[in-house]
Novice: 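This structure is in structure tokens; I'll ask about it shortly.
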Amino acid sequence: MTATTATEWEMVVGLEVHCELATATKLFCACRNAFGDEPNTNVCPVCLGLPGSLPVLNRHAVELAMRVGLALHSSVEPSLFHRKNYFYPDMPKDYQVSQYDEPLNVGGWLDLPDGSRVGVTRAHMEEDTGKTTHVGGGGGRIHGADHSLVDYNRAGVPLVEIVSEPDIRSSEQAKAYVNELRAILVAIGASDARMEEGSLRIDANVSLRRPGAEAFGTRAEIKNLNSVRSLGRALEYEVRRQAGRLEAGEPVVQETRHWNEDEGRTSSMRSKEEAYDYRYFPEPDLVPLAPSDEWLAGVRAALPVLPADRRVALAAAAGVAGTDPAVATVVHLGLDDLVLAAVAAGAGGRLALNRAANELAHGAVPDAAAFAGVLRMEGDGRLTATQAKAVLAELVASGGDPEAIAKAKGFEALDGGVVAAAVDAAIAAAPEEWARFVAGEAKVAGFFVGKVMAATAGKADGKAVTALLRERMADR
Ligand code: ADP
Ligand code: MG
Ligand code: ZN
């Protein structure tokens with residue numbers, strides 16, 4: 001395979017994300033919507049497609065799908081269900097009910113922590129298929145398997161399929177998109193978005209083009225991506241594969257490819273189906289879906305503040321850029337209220353973000369007032385960074401008052417004068433090193449910091465000592 005570099009080819013990616021909605025029951029019947037139950041126990045004539053049974057649309061599923069649309073800034077529109085006909089054994093009805101050319105949620109976008117925006121084409125409702133397990137021989141694939149087992153518990157579970165515009169340009173951005181989407185789905189209570197349980201499934205469409213080119217290249221659609229990590233690996237593999245073909249003068253074939261996690265490569269599954277293969281026609285047993293304005297307004301009013309808006313508010317309060325990585329981390333950890341409270345109580349925004357992102361990633365969350373207290377002590381120079389982290393760790397482990405903890409640990413406030421005197425003494429005692437420092441040998445600062453630390457029993461702040469050394473040099 002020909003080696004390639006990112007500058008030679010631009011990756012173009014659009015993602016189709018299937019998300020199972022967190023309803024109690026299925027989309028068109030009263031069967032339980034649950035993961036992990038004994039196979040074929042949550043089934044009835046409706047989801048098994050027995051003759052004479054009729055679907056009844058689940059109102060809660062529609063409401064959750066509307067939440068998804070509103071959270072993605074889509075326009076929620078009157079929509080229609082169609083039958084998508086096909087003959088895999090995973091759908092006992094031989095068709096899947098799905099929204100086709102008139103989806104519930106039209107257009108929209110999603111803002112990522114790095115400041116980029118990915119367009120959303122549509123987010124439509126459909127029912128999930130059953131789950132087929134291929135047994136023996138083929139490594140879980142149908143080719144070479146001895147037989148297949150099918151579980152219809154999942155058949156008829158409500159899904160929203162979120163289709164992105166082909167706006168994604170790197171595997172990192174693709175992963176960030178999925179992570180952001182998951183955070184939104186969980187925040188609005190639409191789905192548990194657990195990829196390991198299949199409640200969130202991704203198909204990745206990827207093509208290459210020369211940087212600066214207008215037209216998109218031919219795409220391959222990759223299936224069987226079971227984690228965000230697999231998505232990234234599969235895209236990186238696919239870029240190398242497609243670049244290899246293009247550079248050898250061979251076309252990329254439009255097809256569906258299967259990601260093999262163990263082998264770390266994709267392989268051809270089947271040529272791409274076209275819409276006409278599915279012979280879509282309107283579902284005659286369901287009326288058009290047209291949520292009233294009141295219903296829509298109620299759903300909108302009940303939405304929580306979304307991660308992107310929380311990042312904007314947090315960055316503004318902390319006085320940092322919205323794209324600051326610590327902002328995304330703090331929101332991801334759900335520590336934004338803690339940081340906002342600390343800033344309101346007089347702590348520095350930068351310091352509060354960094355300490356929350358780095359020191360509170362695991363374990364319990366400290367009391368907001370105590371968190372603000374230790375940050376103020378550090379900000380005022382009464383604690384060094386190392387001391388502040390130690391006090392914070394103690395606060396997280398057993399709570400308490402930061403002043404008292406600092407005192408118990410012997411972190412007495414060091415008078416600025418004591419540090420200055422120790423710096424002066426260190427300079428006087430080492431004229432040779434001082435001459436080297438003054439001559440521009442910056443690393444000698446470490447020698448002086450060490451001397452001052454020794455003289456102050458480790459209580460001086462290294463940064464403050466270095467600043468004093470520079471002052472002394474400028475004052476010579
Ligand atoms: P289909 O109906 O065949 O699945 P769509 O036009 O709905 O095709 O596109 C499916 C997905 O493929 C969307 O996420 C879209 O952004 C993406 N996509 C379309 N064209 C390309 C391309 N040339 N390269 C990468 N992704 C693409
Ligand atoms: Mg598709
Ligand atoms: Zn059922």
Side-chain angles (χ1 to χ4, degrees), residues 9-18 23-34 37 40-50 53-58 61 72 82 84 91-93 97-101 103 106-110 118-124 126-130 151-158 161-171 173-174 177-178 181 201-210 213-223 225 231 234-235 238-239 242 246 251-257 270-278 280:
W9 296 103
E10 181 178 55
M11 179 193 295
V12 173
V13 175
L15 298 179
E16 296 166 89
V17 176
H18 288 85
T23 53
T25 56
K26 293 188 182 180
L27 187 53
F28 300 120
C29 62
C31 290
R32 235 162 83 81
N33 169 15
D37 283 357
N40 298 309
T41 52
N42 299 326
V43 291
C44 75
V46 174
C47 56
L48 290 178
L50 299 188
S53 64
L54 287 171
V56 178
L57 183 58
N58 180 335
L72 296 175
H82 275 69
K84 178 180 181 178
M91 255 339 230
K93 298 192 287 198
V97 177
S98 176
Q99 296 187 322
Y100 173 52
D101 53 355
V106 180
W109 72 85
L110 199 147
V118 176
V120 168
T121 314
R122 53 191 276 152
H124 62 267
E126 62 187 25
E127 59 180 337
D128 208 345
T129 60
D151 174 11
Y152 293 125
N153 283 353
R154 204 179 69 179
V157 163
E161 178 178 344
I162 300 148
V163 181
S164 89
E165 290 287 307
D167 287 350
I168 297 166
R169 294 289 176 271
S170 70
S171 57
Q173 197 188 8
Y177 172 87
V178 173
L181 189 53
R201 308 195 292 274
I202 307 167
D203 299 337
N205 296 269
V206 52
S207 64
L208 297 187
R209 65 177 173 183
R210 292 292 187 185
E214 269 298 303
F216 290 141
T218 304
R219 73 184 194 263
E221 179 169 350
I222 308 168
K223 303 241 180 219
L225 302 168
L231 168 66
L235 290 177
E238 201 50 27
V239 167
Q242 292 186 16
L246 294 169
V252 169
V253 179
Q254 182 162 347
E255 63 184 352
T256 304
R257 298 181 68 86
R270 56 172 186 256
S271 64
K272 175 93 188 113
E273 307 84 350
E274 298 293 341
Y276 56 72
D277 291 327
Y278 293 123
Y280 283 96

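Indexing begins at 1, ligand by ligand and atom by atom, following the structure's order. These values consider heavy atoms only, across backbone and side chains, with no hydrogens, waters or symmetry-generated copies. Predicted model, so just to flag it, every value in this text is computed and none were measured.
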Novice: Which of the atoms in ligand 1, numbered in the order shown and given with their element, are less than 4.0 Å from a heavy-atom of S164?
Specialist: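 Counting atoms of ligand 1 from 1, those under 4.0 Å from S164 are 13 (C), 14 (O), 15 (C), 16 (O).
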Novice: Which of the atoms in ligand 1, numbered in the order shown and given with their element, are less than 4.0 Å from a heavy-atom of V12?
Specialist: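 Matching atoms, with element in brackets: 24 (N), 25 (C).
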Novice: Indicate the atoms forming the closest heavy-atom contact of K26 with G156, along with that distance.
Specialist: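 Closest pair (atom of K26, atom of G156, distance): CB-O, 3.2 Å.
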Novice: Any Lys/Arg nitrogen of R257 or E238 sitting under 4.0 Å from an Asp/Glu carboxylate oxygen of the other?
Specialist: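 E238 and R257: salt-bridged.
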Novice: Would you say E221 and T256 are linked by a side-chain donor-acceptor pair, where the criterion is simply a distance under 3.5 Å?
Specialist: no
Novice: With heavy-atom distances below 4.0 Å as the criterion, list the atoms of ligand 1 near V163.
Specialist: 13 (C), 14 (O)
Novice: Going by the atom numbers of ligand 1, which of them fall below 4.0 Å from some non-hydrogen atom of E165?
Specialist: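 Near E165, meaning under 4.0 Å from one of its heavy atoms, ligand 1 has 16 (O).
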Novice: With 2.8 Å as the limit, jot down which protein N, O or S atoms are around the Zn ion (ligand 3).
Specialist: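 Correct list: C29 SG, C31 SG, C44 SG, C47 SG.
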Novice: Does ligand 1 have a heavy atom under 4.0 Å from the side chain of L15, from its backbone, from both, or from neither?
Specialist: backbone
Novice: Give the numbers and elements of all ligand 1 atoms closer than 4.0 Å to a heavy atom of F216.
Specialist: 23 (N)
Novice: Write down the atom of D128, the atom of R201, and the distance for their closest heavy-atom approach.
Specialist: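 Shortest heavy-atom contact: OD1-NH2, 2.7 Å.
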Novice: I need the atoms of ligand 1 closer than 4.0 Å to a non-hydrogen atom of G217, numbered in the order shown.
Specialist: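 The list of qualifying atoms is 23 (N).
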Novice: Taking side chain as C-beta onward, heavy atoms only, is V163 less than 4.5 Å from V120?
Specialist: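 They are not in side-chain contact.
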Novice: Donor-acceptor pair, distance only, cut-off 3.5 Å: does the side chain of R122 make one with the backbone of Y100?
Specialist: yes
Novice: Answer yes if the side chains of N153 and D37 hold a donor-acceptor pair under 3.5 Å, and no otherwise.
Specialist: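 The criterion, which ignores hydrogens and geometry beyond distance, is not satisfied for D37 and N153.
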Novice: For the backbone of M91 and the side chain of T129, can you confirm whether one donor and one acceptor N or O come within less than 3.5 Å of each other?
Specialist: no
Novice: Given R219, M11, Q254, identify the one with the heavy atom nearest to atom 6 (O) of ligand 1.
Specialist: R219
Novice: Does the N58 side chain pair with the main chain of T25, one donor and one acceptor, at a distance under 3.5 Å?
Specialist: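 Between the backbone of T25 and the side chain of N58 there is a qualifying donor-acceptor contact (under 3.5 Å).
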Novice: Examine distances only and state if a side-chain atom of N205 and a backbone atom of G14 form a donor-acceptor pair shorter than 3.5 Å.
Specialist: yes
Novice: When rounded to the nearest 0.5 angstrom, what is the spacing between CD1 in I202 and NZ in K223?
Specialist: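 If we round to the nearest 0.5 Å, I202:CD1 and K223:NZ are 12.0 Å apart.
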Novice: Relative to atom 22 (C) of ligand 1, which among A220, A204, S207, G119 owns the nearest non-hydrogen atom?
Specialist: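 Closest candidate by heavy-atom distance is S207.
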Novice: Could you list the atoms of ligand 1 found under 4.0 angstrom from a heavy atom of G14?
Specialist: 14 (O), 16 (O), 17 (C), 26 (N)
